[in-house]
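Step one of this worksheet: look at the structure below.
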Amino acid sequence: MKAKGFVHKYGDNVDTDVIIPARYLNTADHKELASHCMEDIDPDFVKNVKEGDIIVARANFGCGSSREHAPIAIKASGVSCVIASTFARIFYRNSINIGLPIIECDEASEKIDDGDEVEIDFESGVITNLTKNEAYTGQPFPDFLIDIINKGGLLNSLK
């Protein structure tokens, strides 16, 4: 399983309130959530994000509330993966539960820049920065997580 796209880069402590502001939580429509994804931290995100793009951030991505809306908004916006130094634990679990691939890698989080083209091999954990011709090693996904993500999330995996 692989992902490839261009990077949207953010810093530390990107919380769920800026991923999807609370004022939009009155809908369960994934595309509606996606239309407001990241707007409080990056108003141009929804105009610039393309199918397959990748979010890269520093430490503690997804901190804040336990809302599942945050990874749903990211996935529905077309993002194929989020790379960060660390993730808030609830965000990490919610992402896997809804089938959004995420990978922790401090080196990638530090060295990848906004706009770089990146490819991720989830089975090996290798993140290749095609723009800089560099490779970083993150934690590979175990087979059961690849299965959950390939099936679109935990509930689909259990069906």
Side-chain angles (χ1 to χ4, degrees), residues 1-105 108-109 112-122 127 130-131 138-139 141 144-159:
M1 186 173 106
K2 292 188 178 189
K4 182 179 178 183
F6 291 94
V7 169
H8 302 265
K9 179 87 180 254
Y10 302 98
D12 291 320
N13 303 310
V14 174
D15 66 52
T16 55
D17 287 326
V18 298
I19 295 170
I20 183 66
R23 63 189 174 273
Y24 301 115
L25 298 180
N26 59 350
T27 182
D29 180 89
H30 293 189
K31 287 298 176 191
E32 179 64 20
L33 292 170
S35 74
H36 300 288
C37 188
M38 308 300 275
E39 76 179 26
D40 284 355
I41 192 172
D42 182 357
D44 294 325
F45 176 80
V46 294
K47 291 186 277 184
N48 295 327
V49 69
K50 304 283 186 270
E51 192 71 31
D53 279 358
I54 295 163
I55 289 176
V56 175
R58 296 292 300 149
N60 203 26
F61 188 87
C63 58
S65 73
S66 61
R67 67 180 68 135
E68 215 170 48
H69 296 75
I72 289 170
I74 290 170
K75 183 179 178 184
S77 73
V79 169
S80 63
C81 180
V82 180
I83 300 168
S85 290
T86 59
F87 291 92
R89 293 295 101 192
I90 292 173
F91 181 88
Y92 187 96
R93 191 66 236 171
N94 283 339
S95 296
I96 299 302
N97 286 348
I98 62 103
L100 173 66
I102 58 176
I103 191 164
E104 290 184 338
C105 181
S109 158
I112 294 173
D113 292 318
D114 193 60
D116 286 355
E117 186 176 21
V118 172
E119 183 176 68
I120 303 136
D121 182 326
F122 296 106
I127 301 162
L130 301 171
T131 302
Q139 185 69 31
F141 283 3
F144 80 94
L145 282 185
I146 290 173
D147 183 60
I148 289 171
I149 290 168
N150 282 337
K151 290 180 178 170
L154 182 61
L155 291 178
N156 290 336
S157 171
L158 295 172
K159 287 181 184 176

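A pairwise comparison of heavy atoms in Asp114 and Val7 identifies OD1-O, 3.3 Å as the closest pair. In terms of heavy-atom proximity, Ile127 sits nearest to Ala108 at CD1-CB, 3.9 Å. Contact record, Ile103 with Cys81: CG2-SG, 4.0 Å, taken as the closest heavy-atom pair. Contact record, Ile19 with Gly62: CD1-CA, 4.1 Å, taken as the closest heavy-atom pair. Here the closest heavy-atom approach between residue Cys37 and residue Phe45 is recorded as O-CD2, 3.4 Å. Shown here for Ala70 and Thr16, the closest heavy-atom pair between the two residues is CB-CG2, 3.8 Å.
Residues passing the salt bridge (charged side-chain N to carboxylate O under 4.0 Å, His left out) test with Asp12: none are found, sequence neighbours excluded. Tyr10 is linked by a side-chain hydrogen bond (donor to acceptor under 3.5 Å, both in side chains) to Asp42, counting only residues two or more places apart in sequence or in another chain. With sequence neighbours left out, Ile146 forms a side-chain contact (heavy atoms from CB on, under 4.5 Å) with Met1, Glu123, Phe141, Asn150. Remark: Lys31 engages no residue in a salt bridge (charged side-chain N to carboxylate O under 4.0 Å, His left out) (not counting sequence neighbours). Annotation: ring-ring contact (aromatic ring centres under 6.0 Å, His included) contacts of Phe6 (sequence neighbours excluded): none. Checked against salt bridge (charged side-chain N to carboxylate O under 4.0 Å, His left out), Asp40 has the following partners two or more places apart in sequence or in another chain: Arg23. For Asn26, the side-chain hydrogen bond (donor to acceptor under 3.5 Å, both in side chains) test picks out no residue, with sequence neighbours left out. Partners of Lys50 according to the side-chain contact (heavy atoms from CB on, under 4.5 Å) rule, which considers only residues two or more places apart in sequence or in another chain, are Asp53. Judged as a side-chain hydrogen bond (donor to acceptor under 3.5 Å, both in side chains), and not counting sequence neighbours, Asn48 has no contacts. For Asp15, there are no side-chain hydrogen bond (donor to acceptor under 3.5 Å, both in side chains) partners at least two apart in sequence or on another chain.
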* Asked: side-chain contact (heavy atoms from CB on, under 4.5 Å) between Val118 and Val56: does it pass, once the steps are laid out?
  -> CA-CA 10 Å; Val118 172; Val56 175; 5.6 Å; no
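Within a 6.0 Å sphere centred on NZ of Lys9, other residues, nucleotides and ligands contribute more than 12 heavy atoms.
Between the side chain of Thr86 and the backbone N or O of Asn60 there is at least one donor-acceptor pair closer than 3.5 Å. Side chain of Ser109 to main chain of Ala57: a donor-acceptor pair is present (N/O by atom type, distance under 3.5 Å, no hydrogens or angles).
A distance of 9.5 Å separates CG of Asp116 from CG of Leu130, quoted to the nearest 0.5 Å. Taken to the nearest 0.5 Å, the CG atom of Asn94 stands 10.5 Å off from the NE2 atom of His69. To the nearest 0.5 Å, atom CD1 of residue Ile54 and atom OG of residue Ser80 are 4.5 Å apart. Distance CD1/Ile55 to CD1/Ile83: 10.5 Å, rounded to 0.5 Å. With rounding to the nearest 0.5 angstrom, the NZ atom of Lys4 is 11.5 Å from the CD1 atom of Ile120. Here Ile96 contributes atom CD1 and Ile148 contributes atom CD1; the two are 7.0 Å apart, rounded to the nearest 0.5 Å.
Within the structure, the salt bridge (charged side-chain N to carboxylate O under 4.0 Å, His left out) test picks out the following pairs touching residues 89-101 (sequence neighbours left out): Arg89-Glu104. For residues 61-80, the salt bridge (charged side-chain N to carboxylate O under 4.0 Å, His left out) pairs, not counting sequence neighbours, are Asp17-Arg67.
Residues Val14 and Phe91 form no side-chain contact, since every pair of their non-hydrogen atoms from C-beta on lies 4.5 Å or further apart. Side chains of Phe87 and Val82 form a contact here, defined as non-hydrogen atoms less than 4.5 Å apart.
By the 30° and 60° cut-offs, the orientation of the rings of His36 relative to Tyr24 is parallel.
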